[in-house]
Amino acid sequence: MTKEPCYEVARVPVERTLALRREVLRPHLALEEAVLPGDDDPATVAFAALAEDGAVLSVARVGPERAPFAVEAVDRAGLPEWRLRGMATRADLRGRGIGSAVLDAVIAHVAAEGGGLLWCNARVPAVGLYRRAGFLTWGEEWVEPVIGPHVVMWREVAPGAPPAVPRSGASPAPGTTVSG
Ligand SMILES: CC(C)(COP(=O)(O)OP(=O)(O)OC[C@H]1O[C@@H](n2cnc3c(N)ncnc32)[C@H](O)[C@@H]1OP(=O)(O)O)[C@@H](O)C(=O)NCCC(=O)NCCS
């Protein structure tokens with residue numbers, strides 16, 4: 001029987017997420033090329049699922065960035081806008097809710113910072129993950145060279161609110177240790 005990982009989701013320096021980000025999302029690039037614009041913005045925050053021995057199992061980062069698309073359903077005047085990037089789980093640990101736990105931490109951070117419009121350019125195979133976290137698609141899919149099909153996804157995050165979509169499994173808050 002496979003042993004389920006024991007991990008906690010915690011806020012970490014962006015640098016701690018780079019190796020897994022590169023390995024999963026940009027394997028064709030050098031480590032330093034996995035750095036994203038805005039990583040050094042003091043308002044950019046990274047989260048990671050960390051094993052008991054400190055190994056990084058899943059990562060994401062979120063920072064202020066205006067959405068380059070129109071969401072007719074939302075009055076964006078004065079609404080803070082946040083972009084989620086660099087979402088990646090170790091290949092051998094996918095499908096166990098770890099990525100969702102990291103995404104919950106991102107959403108909780110945006111809520112704690114006053115809420116707003118949270119968006120990302122989602123890889124199409126990951127659309128289900130974001131949908132379950134309350135995201136909607138916007139516009140048409142497009143194909144990024146080398147990487148593959150993408151679609152814009154977004155959701156509103158209410159200030160101070162916990163994630164709006166309840167999950168069936170255990171979903172840890174940042175800093176909570178979870179034994180899966
Ligand atoms: C997308 C990604 C980050 C998701 O990470 P993850 O840890 O596998 O995420 P989760 O386990 O929370 O969810 C993934 C799937 O597992 C399922 N799942 C969640 N919890 C589960 C559990 N406890 N037991 C079994 N399955 C579970 C979910 O239903 C989900 O299925 P779906 O995506 O087909 O709808 C990961 O697949 C990845 O790194 N992919 C490659 C890079 C990538 O595409 N990143 C996103 C860029 S936008």
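For the numbers below, each heavy atom of this structure counts, side chains included, while hydrogens, waters and symmetry mates do not. Indexing begins at 1, ligand by ligand and atom by atom, following the structure's order.
With a heavy-atom cut-off of 4.0 Å, Arg94 touches ligand 1 through backbone and side chain alike. Using a 4.0 Å cut-off between heavy atoms, Val24 contacts ligand 1 through its side chain alone, with no backbone atom that close.
Tracing side-chain contacts under 4.5 Å through hydrophobic residues (I, L, V, M, F, W, Y), one never reaches Leu18 starting from Val62; they form parts of separate clusters. Hydrophobic cluster membership differs between Val24 and Met87, with clusters built from Ile, Leu, Val, Met, Phe, Trp and Tyr side chains linked at under 4.5 angstrom. One hydrophobic cluster, built from ILVMFWY side chains closer than 4.5 Å, holds both Leu84 and Trp82.
Residues Ser58 and Arg96 fail the side-chain proximity criterion, which asks for heavy atoms closer than 4.5 Å. Considering only heavy atoms from C-beta on, Glu65 comes within 4.5 Å of Trp119 through its side chain. Within the 4.5 Å cutoff, no side-chain heavy atoms of Phe135 are placed close to those of Val152.
The presence of a protein heavy atom under 4.0 Å from atom 34 (O) of ligand 1 is ruled out.
Within the listing of ligand 1, atoms 42 (C), 43 (C), 45 (N) sit less than 4.0 angstrom from a heavy atom of Leu25. Close approach of ligand 1 to Leu129 (heavy-atom distance below 4.0 Å) involves ligand atoms 9 (O), 10 (P), 12 (O), 13 (O). Of all atoms in ligand 1, listed by their number and element, those nearer than 4.0 Å to a heavy atom of Gly99 are 5 (O), 6 (P), 7 (O), 9 (O), 12 (O). Interface atoms of ligand 1 facing Ala126, defined by a heavy-atom separation under 4.0 Å, are 1 (C), 46 (C).
Ranking the protein heavy atoms by distance from atom 20 (N) of ligand 1 puts Gly97 N, 3.1 Å first. Ranking protein heavy atoms by distance to atom 46 (C) of ligand 1, first place goes to Met87 O, 3.4 Å. Of all protein heavy atoms, the one closest to atom 8 (O) of ligand 1 is Gly95 N, 2.9 Å. Residue, atom and distance of the protein heavy atom nearest to atom 12 (O) of ligand 1 are Ser100 OG, 2.5 Å. For atom 5 (O) of ligand 1, the nearest non-hydrogen atom of the protein is Thr89 OG1, 2.9 Å.
Checking only distances, Ser58 never comes within under 3.5 Å of ligand 1, N or O to N or O. The distance criterion of under 3.5 Å between nitrogen or oxygen atoms is met by Arg96 with respect to ligand 1. Here's the thing with Arg123: none of its N/O atoms is less than 3.5 angstrom from an N/O atom of ligand 1. Checked by distance only, ligand 1 and Ala88 stay at 3.5 Å or farther apart across all their nitrogen or oxygen atoms.
The main-chain N or O of Leu29 is found under 3.5 Å from a side-chain atom of Arg22 such that the two form a donor-acceptor pair.
The shortest heavy-atom distance from Arg132 to ligand 1 is under 4.0 Å. In this structure, Pro125 falls outside the shell of residues with a heavy atom less than 4.0 angstrom from ligand 1.
Note: Asp92 CG to Leu57 CG = 8.5 Å, rounded to the nearest 0.5 Å.
The closest side-chain donor-acceptor pair between Trp142 and Glu140, if any, does not fall under 3.5 angstrom.
Arg66 meets the salt bridge (Lys or Arg N to Asp or Glu O under 4.0 Å) test with Glu81; sequence neighbours excluded.
The residues Asp39 and Arg21 are annotated as salt-bridged, a charged nitrogen and a carboxylate oxygen being separated by less than 4.0 angstrom.
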